[in-house]
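We count ligands from 1, going down the list as the structure has it; atoms in each ligand are counted the same way.
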Amino acid sequence: MASPEDGTAGLTGRRVADESLLEDEKAMLGNDPGGMLRATASAGAQVRESAALAAEANLSVLADEGRPRAVVVAGIGTAGLTGNILATVAGPRCPVPVIGHRSAGVPGWVGAADVVIAVSASGRSPEALAAADAAARRGARLVAIGNPDSELQAVAERARAPFIPVPRRAPARASLWGLAVPVLLAARSLGLVKVNEADLAETAARLDADAERCRPGAESFVNPAKSLALDLAGSVPIVWGSSPLATVAARRFADTLAANARYPVMAGALGEAGRGRVGLLDGPFGGLAESSRDIFADPGDDDEDPATRLRLVVMRDGGLNPQDDADEPVAVEERRADAVQVLAERRGVRCDVVTAEGGSALERLASLVAVPDFASIYLALAHGLDPMAVPAINEMKELSNSLPEGMQ
Ligand SMILES: O=P(O)(O)OC[C@H]1O[C@@H](O)[C@@H](O)[C@@H](O)[C@@H]1O
């Protein structure tokens, strides 16, 4: 076992992932002092809890004024991703635009005809607070979602707007499901999205089942998250989604791989990538690195061949209904996903495939997010990194608060 290296600024970890660190459950839990594995395993419970809390909030006031002109989902980081989730679950038939807004305030055109959903796990991100304030000033309908007894709740109360409490589970990225469900239910009360009680129950059950498969005590050969983490170890992962829904899952994987495992990741839509970034497969981290690989060498033996390589992850959706009236037929998305797998094989770039399952858009999204969420934590643990604490984010906040005005 390689010993931990001291990085700069007192941070320690192992530059090369060590598979044996994923074998001892007790040691693994010791290396996860903040409890990221436990928090991530609560995804199914978060769905149920948030659905119950949203049912207690008075969301019917949102619908009193009828269908809005547009819905803006305001928040940053994981809270911001809930806007993408709403847009993709609502799908191409959504009668009004759903716009994610990730900076402070709201877009200039927002007014009384619109709805603003301000989301913040801590209830105190400047972006969500400024959005809630701006919505209230402009007379837009507001609903706020986040930490109870927070500044965000106070802003919502001052504006007499509904507030859906989401009990805090630090860090925000471990609260994705707790935050996303109230956003969907607020949009449902406006008639914008079809999410029924059975969809929520099935999504929660799937998240529970995936947490069980990915539990720390399950060994790599039966644990899909550990094996995905080990496949990605030492590579530069590229995550492409075959459909809009799968692309949201791809972006989520990039977020968790970066925050938990500190891996640089490229993520996006396969349709777009096919017209540009797919060229990466030809390059110095793709086919050129692979051509020098000794195919008989032990895949884990980095000392023999230390080249950094791409590793492709294809998130395949397959669609709920092939007759769907989406602009792009599912068959086209499927052919493109097949094509990129063939291309990767031709270039010698190794590829993992995560395939959606389930009978609703929400459940399918859950099936694409659950295993990769755990994989990002196992990859952190294999490098001896605490998956929860991200000193760089805190330092970045401190530094930008202390910079003189004009330099931020
Ligand atoms: O959801 P809130 O609390 O507004 O945080 C928004 C974002 O803030 C950043 O500093 C990080 O912590 C992200 O993980 C988080 O998603």
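A donor-acceptor pair is defined here as one N or O able to donate and one able to accept, closer than 3.5 Å; no such pair exists between the side chain of Thr88 and the backbone of Asn84.
In terms of protein heavy-atom proximity, atom 4 (O) of ligand 1 is nearest to Ser120 OG, 2.6 Å. Regarding atom 11 (C) of ligand 1, its nearest protein heavy-atom neighbour is Ile393 CG2, 4.4 Å.
For atom 7 (C) of ligand 1, the nearest protein heavy atom lies under 4.0 Å away.
For the residue pair Ser227 and Ser220, the shortest heavy atom distance occurs at CB-O, 3.7 Å. Taking each heavy atom of Val354 and Val313 in turn, the nearest pair found is CG2-CG1, 4.1 Å. Nearest heavy atom pair, residue Ala121 against residue Arg168, reads O-CD, 3.6 Å.
Counting only N and O atoms by type, the side chains of Ser50 and Gln46 include no donor and acceptor under 3.5 Å apart.
Residue Ser125 has at least one nitrogen or oxygen atom sitting less than 3.5 Å from a nitrogen or oxygen atom of ligand 1, judged on distance alone.
Within a 6.0 Å sphere centred on CD of Glu23, other residues, nucleotides and ligands contribute more than 12 heavy atoms.
Per-residue contacts place Thr78 under 4.0 angstrom from the following atoms of ligand 1 (heavy atoms of the residue considered): 16 (O). For ligand 1 and Ala172, the ligand atoms under 4.0 Å from any heavy atom of the residue are 1 (O), 15 (C), 16 (O). Every atom of ligand 1 with a heavy atom of Ala121 under 4.0 Å away is listed here by number and element: 1 (O), 2 (P), 3 (O), 4 (O). Short contacts between ligand 1 and Gly77, defined as distances under 4.0 Å to a heavy atom of the residue, involve ligand atoms 16 (O). Less than 4.0 angstrom separates some heavy atom of Lys397 from each of these atoms of ligand 1: 10 (O).
Residues Arg141 and Asp114 are not paired through a salt bridge, judged by the lack of any N-O separation under 4.0 Å between the basic side chain and the carboxylate.
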